Amino acid sequence: MRKPLVAGNWKMNGTSASNQSLLAEILASAADFSDVDVAIFPPAVYVHQVQQALTGTGLHWGTQNVSSYIDGAYTGEVSAAMISDFDCEYTLIGHSERRCLYDELDLDQLVLDQLVAEKYEMAASSGLTPIICIGESPQEHDQGQTEEVVVRLLDTLLAYQGAKALSRTVLAYEPVWAIGTGKSASPEWAQNVHQFMRERVAKHCPKTAENLRILYGGSVKGNNAASLFSKPDIDGGLIGGASLIADEFVAICRAAAKQI
Ligand code: PGA
C-alpha cells in the first residue's frame, strides 16, 4: 500500500509573519495526518524558518527547485547539497512555471526534459526525494497529446538511470491547463493518465511501478480532494493556491489520510 503524500507548494508567496501563523494552524491539526505524508515547499529564503517550525513534528519540507550543478559560479541557484543541509527531504523538479521561464529562453521540450533529468540525478545523489512534475499544456491537451508528453519525459528519465532509480522518486501529474485556473481535471481523466504512467514504468520494472507515488496537481481544493484521491492510482496531491489557506490545506490532508 502506498502512503499518500500531500505537498503544499507556496510558490512565491508569504512573509515571515504569515508563514508562522499558517504553519501554526496546520500543525494544530497534525495529529490527523498520521496516515499521510505532508510536505511544505516554501520559497528558498524561508526554508530555514520552515525547518525550525517543523523539526520533530512529523511533517516534511523541501524546495521548489534545485540546480543541475554541484556548486560554483551560478548566481541565484541553490544546490542539492545546500537543500540537504536544511534537512529537506524533497525537492520539486520541472514545475511547469519553471518550464515556462525556460521556454522564454527558447529551449525546446527535449532540452527541457534533459534538464529535468539532470536535476533529478543531482537531487537523488544528495539523498533528496525528487518530485518530478509532468503535464501537458492547454494546446497539447486540445491536440490529444497528453500521453506523448508524459512518455517523452518518462522515457528520458528511464534512459538516464533506469526504472530502479524511480523507486526513490515521486511523480506529479500536473496538466498545465488545470494549474491555478480553478478547473481541475476530473478524477476519471487524472486516473487514466496516472494509470498510463504507472503502466509505462511497469514495463521496465513492475515492482517500482507498484510502489511509485503519483500525485495529481492542478486546482485541488478541500471540496474536490476526496474524489480525486479515491482513485486507485492517485496517491495524493501537489497543492498550490489551496496550500496557502490553512483550512483548505488541512481538509485536503484529511481527505488523503482517509484513503488509507
Ligand atoms: P494550484 O497549483 O493548486 O494553484 O492549481 C498547483 C501547482 O502549481 O502545483
Side-chain angles (χ1 to χ4, degrees), residues 4-14 18-19 22 26 36-44 46-47 50 59-66 88-104 112 116 119-120 123 128-138 140-141 146 149-150 153 169-187 189-191 193-194 197 213-229 231 234-256:
L5 168 63
V6 175
N9 174 12
W10 288 358
K11 308 193 179 183
M12 198 173 72
N13 293 290
S18 69
N19 298 344
L22 177 55
I26 293 169
V36 54
D37 285 333
V38 174
I40 304 290
F41 296 78
Y46 295 125
V47 166
V50 169
L59 271 62
H60 309 271
W61 57 96
T63 55
Q64 299 173 12
N65 188 28
V66 61
C88 290
E89 190 162 334
Y90 300 97
T91 180
L92 303 183
I93 296 182
H95 190 281
S96 63
E97 285 155 16
R98 301 285 318 166
R99 288 168 177 265
C100 287
L101 295 178
Y102 289 122
D103 261 346
E104 285 171 15
L112 277 176
V116 167
K119 289 183 177 215
Y120 156 80
L128 297 164
T129 299
I131 301 181
I132 299 178
C133 305
I134 304 183
E136 77 280 13
S137 69
E140 289 163 338
H141 183 72
T146 303
V149 169
V150 166
L153 176 55
T169 301
V170 176
L171 298 179
Y173 170 57
E174 294 217 309
V176 180
W177 47 270
I179 295 179
T181 59
K183 199 178 93 184
S184 168
S186 70
W189 173 274
Q191 163 59 25
V193 180
H194 284 223
M197 288 163 72
R213 291 194 285 190
I214 307 179
L215 312 183
Y216 168 77
S219 298
V220 179
K221 310 282 176 213
N223 63 10
N224 63 7
S227 56
L228 285 158
F229 299 162
K231 296 294 179 192
I234 302 182
D235 307 311
L238 178 50
I239 319 300
S243 72
L244 298 168
I245 305 162
D247 289 351
E248 284 281 321
F249 190 63
V250 165
I252 293 167
C253 295
R254 286 195 178 120

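Note that this is a predicted model, so its numbers are computed, not measured. Ligands are counted one by one from 1 in listed order, and the atoms in each one are counted from 1 as well.
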- Message: Can you list everything that forms a side chain to side chain contact (heavy atoms under 4.5 Å, CB included) with Lys11? Sequence neighbours excluded, please.
- Response: Asn9, Asn13, His95, Glu97, Ile179
Can you pull every nitrogen or oxygen pair between ligand 1 and the protein closer than 3.5 angstrom?
unit_1	atom_1	unit_2	atom_2	d
ligand 1	2 (O)	Lys11	NZ	3.3
ligand 1	3 (O)	Gly240	N	2.9
ligand 1	4 (O)	Gly241	N	2.8
ligand 1	5 (O)	Gly180	N	2.6
ligand 1	5 (O)	Ser219	N	2.8
ligand 1	8 (O)	Lys11	NZ	2.7
ligand 1	8 (O)	His95	NE2	2.7
ligand 1	9 (O)	His95	NE2	3.2
ligand 1	9 (O)	Glu174	OE1	3.3
ligand 1	9 (O)	Glu174	OE2	2.8

- Any side-chain heavy atom of Leu92 within less than 4.5 Å of one from Asn65? no
- Query: So do the side chains of Val36 and Phe229 get within less than 4.5 Å of each other, counting heavy atoms only?
  - Reply: no
- Do Val193 and Tyr216 come within less than 4.5 Å of each other through their side chains, counting heavy atoms only? no
- Kindly compute the distance separating CD1 (Ile239) from CH2 (Trp10), expressed to the nearest 0.5 Å. 14.5 Å
- Query: If you take all heavy atoms of Ile131 and Ala172, which pair is closest and at what distance?
  - Reply: CG2-CB, 4.1 Å
